[in-house]
Every structure is written in structure tokens, then in C-alpha cells.
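A, B, ... follow the sequence lines: proteins, then strands. Residue 1 opens every chain.
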2 protein chains.
Amino acid sequence: MSERITWLNDLIRLEILLWERVDARLRAAHDLPLARFQTLHALADGPLRVGDLAQRMSITVGGASKVTDRMVTLGLLAREPDPTDRRASRVTLTAAGRSALDAATGTYAACLAEIVDPALPAADRQRMHELVRRLLTALDGG
Amino acid sequence: MSERITWLNDLIRLEILLWERVDARLRAAHDLPLARFQTLHALADGPLRVGDLAQRMSITVGGASKVTDRMVTLGLLAREPDPTDRRASRVTLTAAGRSALDAATGTYAACLAEIVDPALPAADRQRMHELVRRLLTALDGG
DNA sequence: CTGTTTTATCTTCCTTGGAATATTATTCTG
DNA sequence: CAGAATAATATTCCAAGGAAGATAAAACAG
């Protein structure tokens, strides 16, 4: 019973600590908090509608709308009208957003590698990712 | 490079989704959000000073101070003066806090089991916990 | 013992994101 | 096509926690 609690507690704590570390590094190196990096990354493969962005980031639509607002203000994103649905807008990376993403991606990977690699060899990292994926699939088909 | 990002992204998303599910269940069954449950659980083994509570929960001291305020108002926690240091206060469970914790613990474990067990057999859950622990140890010696 | 430094906590301001609601556009029914 | 139902987004209000500064008590230097 209590192992269950420890199990999730530890997972949550891990996520918090990893987030803090990577966030601090990205802020220091690129003035780009991790939350913004993630938004950029979600849009790397092309524009998304606000709702799809929300889903990909596991936040609410309202939240995604506001994230978009802020990052449009910062010049990292742009809203363009969806040609097929005038209610919707397609959120897209600006040139500045794209280059912020490109610049930060290396920092992100390096920082994470610095933390994770000494603790887990490649096989274990791989195994862990696979376990996470299996749980994600069970949770939302993703 | 990009696998690194997916690796952490997936971990973060998993944490968000698990949090949401368990949080919703605890709210529904006990009117006790997961953040409060975690606070109660952190204090289950005995009183802690605010700073120690903060550390155990991986939040800031200021945050812990405010969590304590709210939960004192709710009657779940109490502050008692630390006999050895008049700057500090020892945060402790009230009877109501203890019984809320006891009641919610079963719900928490059951909810988590419902989600995790179909996706991961016991051996994998165990393995995953061990990987998480190894990373935590690397991150903060915990 | 007095002044400085450190420690533990609290407080204020700010950002973030959720919940609920409003708004506007689309789709569907008849 | 008119009206109702639905869908996509935006907006308002609220709770939570971080950062930085403010207190208050303790520890320490002399």
C-alpha cells in the first residue's frame, strides 16, 4: 500500500528535480524557460491549432491559449488564421521562435545527458523510456 | 539529440497525467487534492520543521510556509513551537489530518494500481521504481 | 556582553495554469 | 435557409508556488 505512494512520490519528485535543473540551464543559457521550450518543441513539426497544442502539452485549451498569447507577445510564435475554420487559429513558430528552439535544443540535450548518463547507462535509459511509454499508452493512447 | 527531449518530455507528460488522475480521484472521494495528500504524507512519520517539509516535498521554503498556512486553516495541520529554536515551528498532523491521510491512502493506492497494474506487471513496476530511485540519488542524494 | 552574520520563517509580488463562462463560427435538422 | 446544437478559442476569476526581500531569533567573534 505504502510502496504505491512511494512509487508515485518518487516519480513526481524526479520530474520536479529534472524540470528544475533543465529549466535553470535553459534560462541561464538562452533566457528561455523550459515551459516555453516545450511549446516551441511541440510546434517544431509545423503549425498546430490551439486545441491540438493543448493536447500535445497535456494542458487545458484555455491554458494553451494564454501560453500562445504570451509567446506571441515575445515574438516567438504567431497566430495565423486557419484557412478551413474561421473559429480556429493555427499557431506557428516565427523565425525567432525557430532559432530559439534550435539554439536551446543542444543545451537541453547536453544538460539532460549530464544528469542522466552518469546514473543510468544507455540500456537503462532505453528501458526506462520504454516503461514510461507503456504507461503513457495505457493512460491516453499516446 | 531529439531522443533526449522525447525522453524527458514523455516522463513529464506521464507525471502530469498520473497526477491528474490521482488528484481527481482524491478530490472526488475525500475532497483532498493530491498536493494536500502529499503534505499530510510527508508528515506521517512525525512533525517536521517548515524547512524540512519543503525539502521533502521539493518545493521552496516560502511555498511550504504557505501550504502550511492553508492546511492549518483547514484544520489538517497545526504549528507548534519548536522547543529548541524559537525561530522555527514544528508542523504536525492534527487528528483530522491524520484521519484524512488514513482515509485517502487506500484510495490513492487503489487508483494508482488501477492505472499502473494493467500496463506494467509487478516486476516492471519494481524495475521502474529502481531506475527512478537511481536518478533521484544522483540528483540530490535521496 | 555587543555587534555581525547566519538561519528559519514569513510576506509580497508575479507568473502560471485550471475551471467556468463567454464569444464566435460551424454543422446539423427539419 | 432558420434555429438549435456543437465546436474552437478567448476571457475572467481563482489557487498554487517561485523569487526576493523583510523579520526575528540564534550563533559567533571580539
J.: When you match B:R70 and A:G63 each to their closest nucleotide on DNA chain D, which lands nearer the 5' end?
T.: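 Residue closer to the 5' terminus by nearest nucleotide: A:G63.
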J.: Calculate the interatomic distance between A:L77 atom CG and D:dT9 atom C1'; express it in whole Å.
T.: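 One finds 16 Å between C1' of D:dT9 and CG of A:L77, rounded.
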J.: Please state how far atom CZ in B:F37 lies from atom P in D:dA16, giving the value in whole angstrom units.
T.: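 Checked: the CZ to P distance equals 17 Å.
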J.: Rounded to whole angstrom units, what separation is found between the CH2 atom of A:W19 and the P atom of D:dG18?
T.: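 Rounded to whole Å, this separation is 13 Å.
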J.: Considering all heavy atoms of both residues, which atom of A:A119 and which atom of B:A138 are nearest to each other, and what is their separation?
T.: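 The pair with the smallest heavy-atom distance is CB-CB, 3.6 Å.
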J.: Please determine, for the side chain of B:K66, which listed nucleotide (D:dA16, D:dT12, C:dT11) has the closest atom?
T.: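 For B:K66, the side-chain atoms sit closest to C:dT11.
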J.: Determine the contact category for A:R90: base if any of its heavy atoms lies under 4.0 Å from a base atom, sugar-phosphate if only primed atoms, P, OP1 or OP2 are that close, otherwise nothing.
T.: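 If one applies the 4.0 Å heavy-atom cut-off, A:R90 turns out to touch nothing in the nucleic acid.
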J.: How many Å lie between CG on B:D52 and P on C:dT7, as a whole number?
T.: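 Atom CG in B:D52 sits about 14 Å away from atom P in C:dT7.
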J.: Looking at A:I12, A:L11, A:L136, which one forms a side-chain contact (heavy atoms from CB on, under 4.5 Å) with B:L18?
T.: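 Among the candidates, only A:L11 passes.
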J.: Quick one: does any side-chain atom of A:R56 pair with a main-chain N or O of A:A42 as donor and acceptor, under 3.5 Å?
T.: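 Answer holds: yes.
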J.: Quick one: does A:R4's side chain get under 4.5 Å of A:L8's, heavy atoms only?
T.: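 Sidechains of A:L8 and A:R4: no contact.
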J.: Tell me: CZ of B:R27 to C1' of D:dA15, nearest whole Å?
T.: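 Rounded to the whole Å, the gap is 9 Å.
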J.: For a quick test of reading the model: is some side-chain N or O of A:R86 closer than 4.0 Å to OP1 or OP2 of C:dT26?
T.: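 True: A:R86 side-chain N/O within range (under 4.0 Å) of C:dT26 OP1/OP2.
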J.: Donor-acceptor check, side chain of A:T94 to backbone of A:L76, threshold 3.5 angstrom: yes or no?
T.: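 Pair found, side chain donor or acceptor close to backbone of A:L76.
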J.: Expressed as a whole number of angstroms, how long is the span from A:L53:CG to C:dG17:P?
T.: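 Those two atoms, CG and P, are 11 Å apart.
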J.: For A:D117 and A:R125, run salt bridge (charged side-chain N to carboxylate O under 4.0 Å, His left out): C-alpha distance rounded to whole Å, both residues' side-chain angles, the deciding distance at 0.1 Å, then the answer.
T.: CA-CA 8 Å; A:D117 291 8; A:R125 299 197 295 270; 3.1 Å; yes
J.: Given the rule in the side-chain contact (heavy atoms from CB on, under 4.5 Å) test, do B:I115 and B:L17 qualify, once you have shown the distances and angles that lead to the verdict?
T.: CA-CA 11 Å; B:I115 299 168; B:L17 293 174; over 6 Å; no
J.: Tell me: CE of A:M57 to C1' of C:dG18, nearest whole Å?
T.: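 For the pair A:M57 CE and C:dG18 C1', the rounded distance is 14 Å.
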J.: Separation of B:D82 atom CG from C:dA8 atom P, in whole Å?
T.: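 Value for this atom pair: 10 Å.
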J.: For nucleotides 6-8 of chain D, which of its nitrogen or oxygen atoms have a protein nitrogen or oxygen under 3.5 Å away, and what is each distance?
T.:
unit_1	atom_1	unit_2	atom_2	d
D:dA7	O4'	A:R87	NH1	3.4
D:dA7	N3	A:R87	NH1	3.0

J.: Closest-nucleotide mapping onto DNA chain C: is A:P33 or B:T68 further toward the 5' terminus? I mean the 5' end.
T.: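 It is B:T68, whose closest nucleotide lies nearer the 5' terminus.
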